[in-house]
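Data first, discussion second: the structure below is written as structure tokens.
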Amino acid sequence: MQYAHGGDVYGYRIQFDGREPLDFSANINPRGIPQIVKDAMYQAVDACIQYPDPKCRALKAGLAERWSLPASAFFCGNGAAEIFYRLVRCIKPRTALITAPTFGEYEQALSGEGCNLWFHTLRKEEDFRLTERFFSDLMPDFDLVILCNPNNPTGCTASQALMQEILQRCKQNGTWLVVDECFQDFVTASFSMRQSLEVYDRLVIVRAFTKMYAVPGVRLGWCMSANAALMEQLHGAGQPWNVSVIAQACGVAALDCENWEQETADYIEKQRTWLAEQLKDCGFHVYPSEVNYLLFYTTCLDLQERLLERGIMIRSCENYRGLGRGYFRLAVKGEADNRTLLREIREVLADGKSDHGAGDSI
């Protein structure tokens, strides 16, 4: 199996004789796991002698209260990635439209079900933003559209007005619209398509606890939709105990973390602004971001390998459709870690072994 994501610290330890890396390749909240969430997971251990609740009743009740929807409007999964695979199995689209670049699991899920897949290419000269050009590719015969907002790996959000236009076009065409909002909580002026659920029952919003609450090892995502039939179908599209006892306890506790999301977004904004300026000073072309990661381009093509040797993991974006060699993504971490990263990058660039500017190829 070829692993196509960041965060493989296990492989790093094997490659470097047990050495512990500083991981900038996965976009996790640098503030760590809130203490209330840790406590809830510890306390849930004794309940692991029982099967987890297959319907995630307590977690759905918490989500229902937070989002002012009935519990039946939610489905919880083993991370957001599992939900995309289940959605595709249930909707069974013959044709679908996604952007390039974007999160790779959409393409994997759709291709695995034999879907005819089309791509809207985001342009580097537009900073890889979703614009009204999207409508030139949004044909009436698409069964499904999946949009990542904010997009991964670019960190850009589409405007609320544009997302509403896309929704209206999908509604006119009877096209399913799945919006991945997993990084929306990192945006200081965050917005959700939640209010549109009541006006279109083929809209599905996917979110996760993973990144904001620093629990990627727990695996906990969820989606919401006004389409009760689809939410019920999702339960039958995979095994019944997909959310563990500990994961459910984690989610319930996370919903009680007052101000955690806004405080994190404010902290990340300051660190991101500083880090982006420092990377530009290194000669990199840094693309605008509103979340906890940055996409950049450099002609130092072996930057990832050389940082690995120095104990730092970043994400090569070479395997993203629509990008290529020289594109990298890194997480925004705490101030001390960010300074360590910058020091190591500058040392790599200073050793004179490769060209390192933004170059003419961006």
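Heavy-atom basis, side chains included; hydrogens, waters and symmetry copies ignored.
When the ring pair (Phe, Tyr, Trp, His ring centres under 6.0 Å) test is applied to W274, no partner is found at least two apart in sequence or on another chain. E65 pairs by the salt bridge (Lys or Arg N to Asp or Glu O under 4.0 Å) definition with nothing, not counting sequence neighbours. Qualifying side chain to side chain donor-acceptor pair (under 3.5 Å) partners for Q239, counting only residues two or more places apart in sequence or in other chains: none. Under the ring pair (Phe, Tyr, Trp, His ring centres under 6.0 Å) criterion, Y200 pairs with no residue, sequence neighbours left out. Every ring pair (Phe, Tyr, Trp, His ring centres under 6.0 Å) that F328 has, sequence neighbours left out, goes to F296. The ring pair (Phe, Tyr, Trp, His ring centres under 6.0 Å) check on H5 picks up Y3, F103, with sequence neighbours excluded.
Between the CG atom in L162 and the OG1 atom in T157 there is a gap of 10.0 Å [rounded to 0.5 Å]. The CG atom of D281 sits 12.0 Å away from the CD1 atom of I345 when rounded to the nearest 0.5 Å. Note: I166 CD1 to E132 CD = 9.0 Å, rounded to the nearest 0.5 Å.
Residue pairs meeting the salt bridge (Lys or Arg N to Asp or Glu O under 4.0 Å) criterion with at least one member in residues 96-119, sequence neighbours excluded: E107-R321. Residues in residues 173-200 take part in these salt bridge (Lys or Arg N to Asp or Glu O under 4.0 Å) pairs, two or more places apart or across chains: E181-R207, D185-R207, R194-E198.
I98 is not connected to M163 by any chain of hydrophobic side-chain contacts under 4.5 Å among Ile, Leu, Val, Met, Phe, Trp and Tyr, and they are in different clusters. When the side chains of ILVMFWY residues are joined at heavy-atom separations under 4.5 Å, either directly or via intervening members, M313 and L294 end up in two distinct hydrophobic clusters. L117 and V145 fall into different hydrophobic clusters, where Ile, Leu, Val, Met, Phe, Trp and Tyr residues are linked whenever their side-chain heavy atoms come under 4.5 Å apart, directly or through other members.
Residue-environment remark: OH (Y42) stays at or below the threshold of 12 foreign heavy atoms within 6.0 Å. Other residues, nucleotides and ligands contribute more than 12 heavy atoms inside 6.0 Å of the CD atom of E263. Surrounding CH2 of W67 are more than 12 heavy atoms belonging to other residues, nucleotides or ligands, all under 6.0 Å away. Around CZ of R94, the count of heavy atoms belonging to other residues, nucleotides or ligands within 6.0 Å does not exceed 12.
Residues R329 and N152 have side chains that bring a donor and an acceptor to within less than 3.5 angstrom of each other. Side-chain contact annotation: Q164 with S196, donor-acceptor N/O pair under 3.5 Å present. Side chain to side chain, N29 and T264 meet the donor-acceptor criterion of an N or O pair below 3.5 Å. A donor-acceptor contact closer than 3.5 angstrom links the side chains of T102 and N151.
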Throw together a table of side-chain donor-acceptor distances under 3.5 angstrom for residues 168-179, partners on residues two or more places apart or in other chains.
unit_1, atom_1, unit_2, atom_2, d
K171, NZ, V199, O, 3.0
N173, ND2, R169, O, 3.2
T175, OG1, F142, O, 2.8

Check: residues 43-51 side-chain donor-acceptor pairs under 3.5 Å, at least two apart:
none

Ignoring hydrogens and angles, write down the donor-acceptor pairs under 3.5 Å from the side chains of residues 209-218, residues two or more places apart or on other chains.
unit_1, atom_1, unit_2, atom_2, d
Y213, OH, A254, O, 3.3
Y213, OH, E261, OE2, 3.0

Donor-acceptor contacts under 3.5 Å from residues 222-230 side chains, at least two apart:
unit_1, atom_1, unit_2, atom_2, d
S225, OG, L203, O, 3.0
S225, OG, N227, N, 3.0
N227, OD1, A229, N, 3.4
N227, OD1, L230, N, 3.0
N227, ND2, D201, O, 3.0

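By the 4.5 Å heavy-atom criterion applied to side chains, P101 and C317 are not counted as neighbours.
A salt bridge links E347 with R310: the closest approach of a Lys/Arg side-chain nitrogen to an acidic carboxylate oxygen falls below 4.0 angstrom. In summary, R129 and E126 do not engage in a salt bridge, as defined by a charged side-chain N under 4.0 Å from a carboxylate O.
Although no hydrogens or angles enter the test, the distance criterion places a donor-acceptor pair under 3.5 Å between the side chain of Q184 and the main chain of F191.
For an aromatic pair to be called close, the ring centres must be under 6.0 Å apart, and F186 with Y293 fails this.
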Show, in sequence, the C-alpha distance, side-chain angles and deciding distance for N338 and V332, and conclude whether the side chain to side chain contact (heavy atoms under 4.5 Å, CB included) test is met.
CA-CA 7 Å; N338 291 336; V332 177; 4.3 Å; yes
